[in-house]
Amino acid sequence: MLKTIHNLSQIGDENAFAVLARAQALAAEGRDIINLGIGQPDFRTPEHIAEAAIKAIRDGHHGYTDARGIEPLREGIARDLDRRLDVTVSPDNVLVVPGGKVTMYLAITMFGQPGAEILYPDPGFPIYRSMIEFTGAKPVPIPIREENDFAFSADETLSLITDKTSLIIINSPANPCGGVTPKAEIDKLVAGLQKHPNVAILSDEIYGQMTYDEFEHVSLLSYPEIRDQLILLDGWSKTYAMTGWRMGYSVWPDSLIDDVRKLAVNSWSCVNAPAQWAGLAALDGPQDCVADMVAEFDRRRRVIVDGLNGLPNVTCRTPLGAFYAFPNISATGHKSKPMASALLEQAGVATIGGPDFGTLGEGYIRLSYANSIENIEQALARMAEFLLN
Ligand code: PLP
């Protein structure tokens, strides 16, 4: 019997992938399944981006690249951050990684060890907690509450810091609740974090371009006072409908960039070269494809929120960002995970139970509205029938 050195039983999972597999298996059996489970845009990658990858292959970009990513791409990322956020970032502090998730893997392994404490949002992206536990560090949940419109509270977050805290994970706009934390709260958080210069901050801004109404994304990168502590996580998956391309990037402080470059050399060497050229075309090309996708998500958001609020004993706050609705189903008499599973098996609607995102997720389910309005309306009708029976 082989025995691994790390206790792999401590590592968790992302149930959205299991739900996806089950939904696909049911569909393969001929069942009509509407997938509101997995969080990925249903749009095709815009044509000019796909073409750039094809051209890169034809142009002979098939070899290894700089482990940090090709220089034109790192420069393109710096230009994009300047254009969008009005911040100056050196291409030397940028690392191109195979998917947004990789940045959290790197940051959490760099700062997690037995005895350390890592703060993370609950409900939040499941990999945060899973990776924290894998490293042996203590996961300390930052509560994300419905009554606070699913924003985090700066005071509450700061009150959780101890002399053992090595890393704080922040996510706005957020998965799974769709919260966008307002600027005043982020200002307060940053002011407090300045008093803890030895605490690293991982800001997951993968949904940064997906906010609605008057809600604006505030990047932690726009606070020079915490630049030495900050690791920014971003990528192409959600913004440009590129989940399967596995393209992400991070911005690291001077003190960490060379260490993280070595971790890249020791593991994936470099990201797929044609995909990097596609990533550059995405950033340098027309941005109306992003605006169009966000406008379509906004239309769907209104349909799903209205529909959910019309279901018996269900209430749903209007999400301010990302593409998830997180309705409160506690008054339906169902528990979250059994309800998500029954919705899939009986009603043919894939959703994710709130507890898959943390203990505070009980009483909620997550629905991704990255699906057509027609499918969303059909799913709502099926949910109504399920709840009435
Ligand atoms: N961060 C958050 C909050 C996410 O929801 C996701 C994907 O669902 C990721 C990061 C990872 O993105 P990628 O698919 O690029 O690894």
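For ligands, and for the atoms within them, numbers begin at 1 and follow the listed sequence. By convention here, the first residue in the shown sequence is residue 1. Owing to the predicted nature of the structure, the values given are computational and were not obtained by experimental measurement.
- Pro139 pairs in a side-chain contact (heavy atoms from CB on, under 4.5 Å) with only one of the listed residues (Ile132, Asp122, Ile169), which is Ile132.
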**Request:** Go through the steps to decide whether Tyr207 and Phe297 satisfy the test ring pair (Phe, Tyr, Trp, His ring centres under 6.0 Å), and finish with yes or no.
**Result:** CA-CA 12 Å; Tyr207 297 100; Phe297 283 137; 9.6 Å; no
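- Within a 6.0 Å sphere centred on CD of Glu385, other residues, nucleotides and ligands contribute 12 heavy atoms or fewer.
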Under 3.5 Å: N or O atoms of ligand 1 paired with protein N or O:
from     : atom 1 : to     : atom 2 : distance (Å)
ligand 1 : 1 (N)  : Asp204 : OD1    : 3.4
ligand 1 : 1 (N)  : Asp204 : OD2    : 2.6
ligand 1 : 5 (O)  : Asn175 : ND2    : 2.8
ligand 1 : 5 (O)  : Tyr207 : OH     : 2.7
ligand 1 : 8 (O)  : Lys238 : NZ     : 2.6
ligand 1 : 14 (O) : Ser237 : OG     : 3.4
ligand 1 : 14 (O) : Arg246 : NH1    : 3.0
ligand 1 : 15 (O) : Gly100 : N      : 2.7
ligand 1 : 15 (O) : Ser237 : OG     : 2.6
ligand 1 : 16 (O) : Gly100 : N      : 3.1
ligand 1 : 16 (O) : Lys101 : N      : 2.8
ligand 1 : 16 (O) : Arg246 : NH2    : 2.7

**Request:** Report the C-alpha distance between Thr135 and Gln113 in whole Å, list the side-chain angles of each, state the deciding distance to 0.1 Å, and finish with yes or no for side-chain hydrogen bond (donor to acceptor under 3.5 Å, both in side chains).
**Result:** CA-CA 5 Å; Thr135 66; Gln113 62 171 337; over 6 Å; no
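- Taking the six-membered ring for Trp and thresholds of 30 and 60 degrees, Phe150 and Phe326 have ring planes more than 60 degrees apart, a perpendicular arrangement.
- Under the 4.5 Å side-chain criterion, counting only non-hydrogen atoms from C-beta, Glu345 is in contact with Arg22.
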